Every structure is written in structure tokens, then in C-alpha cells.
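Reviewing the structure listed below.
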Amino acid sequence: QIIALRKWKSQKSKYFCIRMNFETEISRRRTFGIISHPDAGKTTLTEKLLLFGGAIQEAGAVKSNKIKKTATSDFMEIERQRGISVATSVLAFHYKDKKINILDTPGHKDFAEDTFRTLTAVDSVIVVIDVAKGVEEQTEKLVEVCRMRNIPIIVFINKLDREGKDAFDLLDEVEQKLGFKVVPLSFPIGMGYDFQGIYNLWEKRLRLFNEGNKTQISDSIDFDNINDASLSDHIGEQAAGQLREDIELVTEVYPSFDPSAYLNGEQQPVFFGSALNNFGVQELLDAFIEIAPSPLAKKSEERLVNPDEKNFSGFVFKIHANMDPKHRDRLAFVKIVSGTFLRNTPYLHVRLDKKLKFSSPNAFFADRKEVVSTSFPGDIVGLHDTGNFKIGDTLTSGEELQFKGIPSFSPEHFRYINNADPMKAKQLAKGIDQLMDEGVAQLFTLDLNGRKVIGTVGALQFEVIQYRLEHEYGAKCSYENLNVHKACWIETPETNHPEYIDFARVKSKFLAKDKQGQQVFLADSAFSLQMTKEKYPALEFHATSEF
Ligand code: G4P
């Protein structure tokens with residue numbers, strides 16, 4: 001009996017060790033994305049974060065995955081960039097006791113849809129804003145997507161070494177344009193030529209540049225009372241007076257930091273710095289690992305899935321085609337939502353109702369990728385795929401789950417796609433199908449005549465599609481202009497509702513199905529969309545496919 005009891009106890013303690021280890025692994029993960037308008041400093045900040053994490057040894061090691069404007073007709077450049085973007089898709093590193101996964105997002109606006117989808121896999125976001133330019137267009141769009149999901153957001157105001165907008169004006173602009181409730185956790189001392197450093201309100205410390213050398217930073221100095229006369233010894237009489245005034249105003253005007261409001265997306269902490277000069281980055285990182293969430297629960301059609309559940313589940317948020325046309329395999333990026341993902345273990349591909357196992361799942365680090373045996377919630381694994389996956393697919397230990405939250409957004413550009421080589425119709429169909437699964441663009445089929453329409457976020461994609469169809473699938477396509485303003489997903493109380501019947505009759509020319517077979521209205525102008533909405537109040541016209 002004693003032996004049996006001992007055995008039971010040892011098994012129990014083994015179980016608790018595994019469980020504890022599993023929970024520790026989850027709680028030490030921080031999976032996030034950095035978003036910004038191009039040129040605000042996203043790549044520079046990413047690089048500096050990696051330097052702090054010891055993941056790279058020198059600046060310049062992270063290649064920008066920016067697709068430069070000149071790439072429009074330079075396909076080699078696009079191909080080169082595709083290579084870079086797979087290399088920098090996930091940048092994992094360790095900092096203090098945390099494992100940090102940065103999910104990289106393309107800056108080019110033509111690839112915004114890719115960024116939207118990557119944002120479905122992050123647990124929090126850092127928004128980079130250029131102090132001189134303030135809130136720019138692309139930032140507004142991306143933040144809107146984050147706010148749809150109440151993602152916790154931290155703001156980093158960059159390039160303080162340059163002349164820019166007054167800090168308070170900028171905070172106002174951020175609140176107004178992005179709908180934030182900001183809480184400054186650091187505040188700049190001077191700006192541009194006079195930029196001396198920052199006061200860290202989070203830790204009540206001063207961090208200054210070494211006098212006369214903007215590339216060297218002093219150790220941070222504890223300073224919990226800025227009314228102390230010795231402040232002037234560090235930053236001079238005038239700057240000390242100004243800083244005291246500024247901090248007084250900050251404490252009067254802005255609420256104090258509330259971690260749960262931040263986690264609910266109701267409050268956004270702000271940091272100031274200069275990524276290029278490595279300034280304010282450590283403050284940001286130290287606060288980030290403290291306050292940013294570990295992997296969050298995710299909604300599925302069936303139920304809320306918690307990261308600490310025993311059984312594995314995850315979803316595909318990105319698919320990257322192989323660069324080598326001779327091997328048509330692809331890399332599907334899976335975010336692990338719950339349980340542990342094990343190599344060589346069969347998992348259920350829910351949409352196909354098929355068990356698949358993976359012999360070489362990849363984990364990504366800043367400077368390399370490697371085959372991993374075990375991954376935890378928050379991690380991203382890259383799975384080699386021969387055409388089984390499309391964006392939004394769910395993998396589980398066996399449960400039939402379908403994760404929500406990878407909507408399609410209305411494209412901005414629409415064109416008919418035609419087959420330019422009748423001998424290659426099959427190749428064209430296959431190519432279009434696979435490129436759409438990868439999320440390169442969206443395909444709509446007109447109800448009236450079955451013609452295929454490609455919708456993209458930017459004009460660049462049309463060229464990418466044409467090029468890839470030819471080089472990867474041996475098919476040729478041509479485009480024909482089509483006047484569409486927006487694609488709207490239609491919600492009707494029932495399909496035999498009199499308003500829907502009338503709408504479908506009057507607008508039959510403009511009705512199409514998306515790739516999932518959902519009904520879409522291709523409105524030809526903003527005016528016609530508005531009129532349609534007014535005429536058929538029982539119908540709802542959604543700008544995204546998930547409502
Ligand atoms: P992005 O990924 O958001 O598009 O921006 P990226 O980091 O590439 O930065 C855009 C430009 O801004 C780069 O200059 C970069 O050096 C500069 N930059 C980033 N952070 C700071 C900062 O804190 N202060 C100043 N003054 N500049 C900053 P570039 O000339 O376009 O490129 P490069 O030749 O320096 O690489």
C-alpha cells in the first residue's frame with residue numbers, strides 16, 4: 001500500500017511539475033506587433049529591441065521588409081523582398097526571463113491586408129509615431145483594426161532628436177485621431193538640438209544623454225522627486241523648471257496608469273524616445289515586459305479557448321509561398337492558442353477533417369530558423385505545406401473548433417481577370433486558387449455571368465499576381481478594368497425578405513460571391529452604396545466579411 005501511495009505521489013508531483021512548467025512558459029511569453037506609417041522608425045525600433053535582447057550583435061542586421069515604391073515594375077525586387085519578409089516574419093528573442101515574439105508587418109500600404117491578418121495573431125501592439133509628422137494615414141487604418149479587437153496598445157513617439165511637434169499637442173492629436181486615452185509613462189526633456197533625455201514616470205528615473213554626445217546614454221538616475229533642487233545639476237535650471245511644469249501638467253491632465261484599462265484597450269501608455277539613438281528603448285522594453293499581456297484567450301465559433309488548456313489548438317494567419325518555383329511547397333504560419341504543439345504528432349485540420357503531422361516545424365529567431373519539438377501558446381510555428389492550408393484554418397488535438405477573427409476587408413482596386421493562354425486554363429485556375437489561399441488578393445465571382453474579379457488593397461498586387469502566375473504556375477492572365485468602389489458583405493434578415501428580393505433584382509449586375517461563397521455587393525460608387533443603404537434599411541452592408 002505504501003509503495004502504491006509513493007508511486008501515486010510521485011506521479012502527481014510529476015504532473016504538477018509539467019503543469020507548472022507549462023503555465024510558466026505561457027506567462028513568460030509576449031507576442032506582439034509593431035505598427036507605423038512607413039518611415040516612422042518601425043524597423044529601427046525592432047532592431048534596437050533585438051539588440052537589447054542580445055538577439056543580434058550589431059545595428060543593420062535586420063533587413064527592412066519595406067517594399068520600396070520603386071518596386072512597382074521591378075519584379076526581382078519584389079521577389080527579393082518576399083525572401084526578406086519570410087526571414088523577418090517572426091523575430092523571437094529572450095529578454096530577462098521573458099520570451100518575446102515580434103510579428104513583423106509589412107510597412108507598404110499595398111500589403112496592408114497582410115498586416116491586418118498578422119494583427120489577429122498578436123496579443124498586443126506598439127504603435128510608432130514620428131514626432132514631426134504626428135499621426136499619419138496608415139497608422140490610423142492599422143489602429144482601427146487593433147481597436148476592433150481591443151488589443152492593448154503602447155505608443156512610442158520616435159525621433160525626439162529632431163525638431164517636432166510640441167509633446168502636449170502631439171498627445172492631443174493621438175487622442176483625437178486614434179481615439180486613444182493616453183497616459184504618458186515617460187516625458188521628453190527638450191527636443192531636437194536641445195533634447196537632453198527623458199523623465200521616466202513609470203520608474204521615476206531620469207535618463208540623459210551624455211553631455212555633447214547624442215550617441216552615449218548615461219545610466220538612469222533615480223529621481224522620485226523632481227522638485228528636488230539637484231535636478232538643475234543634471235539638466236540645467238531652465239530645463240528643470242520646464243520639466244517640473246510639464247510633469248505637473250501631465251499629472252493634472254492625464255489619468256494615472258491603470259494596467260487593467262490598458263489590457264482592455266481603454267488606456268494607452270505613451271513613451272518618448274529616439275530609436276536611432278537607442279534612446280528611451282530600454283524604458284519601453286522594461287515597461288513592456290511588465291505590463292503587456294501574456295497570450296490571451298481567443299474566440300472560436302464554438303467557445304472561448306484559453307491558453308492554459310491541455311489540448312493543442314492554433315490557427316493559420318499567414319502563408320508564404322516557397323521562393324523556389326521547382327518546389328511548390330509553402331510555409332504556413334500557425335499561432336498557438338492553447339496546449340503544447342509537438343513535432344511528429346497528428347493534429348486535426350478542422351476544415352479538411354484530416355489528420356496531419358509535421359516532421360519539421362520551424363521556430364523563428366532573429367538570426368535563424370530551426371526545427372522545434374515543442375512550442376507553447378503565444379509561439380509561432382512555420383509548417384511546410386503542400387497546399388492543405390489557407391488563411392484562417394484551425395488545427396487542434398481533435399476538437400472541432402474554428403477560430404474567429406480573420407476577416408477579409410473590402411479591397412480598394414478591382415479588375416476582371418482573364419485567361420491569356422487558353423491551353424493553360426487549369427494552371428491558371430490552380431494558381432489563382434492558391435494565391436487567394438495565401439491571401440495575396442481576393443477573388444469574387446459575379447452571380448450574373450460567372451466572371452472572375454480580383455480585388456486588391458494596392459495596385460502592386462496585380463503585377464505580383466501576373467508575375468507569380470507566370471513563373472510559378474506557367475499560366476498567363478490579363479486584366480480588364482472594372483468600376484467598383486467597395487465590396488460589401490450583405491446581411492439580410494432572411495433570403496426571402498421582400499427588401500432582399502427587390503435588392504437582388506435591381507442590383508443583380510453588382511452581386512458576386514467571395515471565395516467562401518458569401519454574398520457580396522460590388523458597389524460602383526460611394527453614392528450608389530449610400531443610396532442602396534437608404535433604400536433597403538433592413539439589409540446591412542458590412543465592410544468586412546466577419547460581422
Ligand atoms: P519604418 O520601418 O517605419 O519604415 O522606418 P525605418 O526604421 O526604416 O526608419 C525610417 C528612417 O528614419 C530611416 O532613415 C531611419 O534611420 C530614420 N530613423 C529612425 N529612428 C530615428 C530616430 O530616432 N531619429 C532620427 N533622426 N531618425 C530616425 P533613412 O535615411 O530612410 O534610412 P537609413 O538610410 O538610415 O536606413
Side-chain angles (χ1 to χ4, degrees), residues 32-52 55-56 58-71 77 80-81 84-85 87-91 102-112 114-115 118-119 122 125-143 146 153-165 167 170 174 178 186-198 207-209 213-217 270-285 366 458 460:
F32 76 108
I34 304 180
I35 56 174
S36 73
H37 192 87
D39 281 343
K42 183 170 73 73
T43 312
T44 313
L45 178 63
T46 306
E47 186 168 278
K48 296 299 154 89
L49 292 174
L50 295 175
L51 279 169
F52 273 111
I56 52 171
E58 57 188 309
V62 177
K63 306 215 173 39
S64 164
N65 77 356
K66 275 191 279 184
I67 294 192
K68 303 265 190 296
K69 288 183 193 79
T70 50
E77 179 65 6
R80 197 181 66 79
Q81 296 285 357
I84 291 170
S85 76
T88 59
S89 286
V90 187
L91 300 157
I102 305 182
L103 305 197
D104 198 23
T105 54
H108 196 292
K109 75 173 179 19
D110 285 9
F111 292 82
D114 218 22
T115 303
T118 300
L119 291 177
V122 302
V125 152
I126 294 179
V127 180
V128 183
I129 292 172
D130 181 325
V131 69
K133 296 198 178 133
V135 176
E136 295 171 271
E137 188 196 337
Q138 190 69 359
T139 313
E140 283 187 68
K141 281 196 184 152
L142 294 171
V143 164
C146 296
I153 299 173
I154 293 177
V155 179
F156 182 72
I157 297 182
N158 191 28
K159 307 196 186 181
L160 263 289
D161 58 313
R162 285 197 185 158
E163 291 303 326
K165 299 187 181 187
L170 197 52
V174 169
L178 301 179
S186 78
F187 210 82
I189 304 166
M191 186 191 290
Y193 182 75
D194 296 324
F195 182 46
Q196 294 202 52
I198 51 159
R207 173 83 81 166
L208 304 174
F209 277 124
N213 186 347
K214 292 232 163 135
T215 56
Q216 290 196 358
I217 301 162
V270 179
F271 290 84
F272 290 84
S274 164
L276 189 65
N277 296 298
N278 221 353
F279 205 90
V281 178
Q282 189 164 8
E283 281 71 14
L284 173 73
L285 186 56
L460 189 55

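Because the structure is a prediction, the values reported are computed rather than measured. Counting convention: from 1, in listed order, for ligands and their atoms alike.
- Among I34, I35, T44, the residue whose heavy atom lies nearest to atom 6 (P) of ligand 1 is T44.
- Using a 4.0 Å cut-off to heavy atoms of S274, the atoms of ligand 1 that qualify are 22 (C), 23 (O), 24 (N).
- At a 3.5 angstrom cut-off on N or O pairs, A275 counts as close to ligand 1.
- Within the 3.5 Å criterion, the main-chain N or O of F279 finds no donor-acceptor partner in the side chain of S274.
- Applying the 4.0 Å criterion to heavy atoms of S36 picks out, from ligand 1, the atoms 3 (O).
- In this structure, the side chain of N158 does not engage the main chain of V128 through any donor-acceptor pair within 3.5 Å.
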Exercise. Might you work through the side-chain contact (heavy atoms from CB on, under 4.5 Å) test for D130 and D39, ending with a clear yes or no?
Key: CA-CA 8 Å; D130 181 325; D39 281 343; over 6 Å; no
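- Contacts between D161 and ligand 1 below 4.0 angstrom, taking non-hydrogen atoms only, involve the side chain exclusively.
- Near K42, meaning under 4.0 Å from any of its heavy atoms, are these atoms of ligand 1: 1 (P), 2 (O), 3 (O), 5 (O), 7 (O).
- Residues V174 and V270 have side chains not in contact (no heavy-atom distance under 4.5 Å, counting atoms from C-beta outward).
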Self-check item: Verdict with supporting geometry, V127 and L142, side-chain contact (heavy atoms from CB on, under 4.5 Å)
Solution: CA-CA 9 Å; V127 180; L142 294 171; over 6 Å; no
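- Closest approach of F187 to A167, counting heavy atoms only: CZ-CB, 3.6 Å.
- Within ligand 1, the atoms closer than 4.0 Å to a non-hydrogen atom of P38 are 4 (O), numbered from 1 in the order shown.
- Closest heavy-atom approach to atom 21 (C) of ligand 1 among the candidates L45, N277, L276: L276.
- K165 places no side-chain N or O within 3.5 Å of a backbone atom of L170 that could act as its donor or acceptor partner.
- If you number the atoms of ligand 1 from 1 as listed, the ones under 4.0 Å from a heavy atom of D39 come out as 1 (P), 3 (O), 4 (O), 5 (O), 10 (C), 12 (O).
- Heavy atoms from both the backbone and the side chain of K159 come within less than 4.0 Å of ligand 1.
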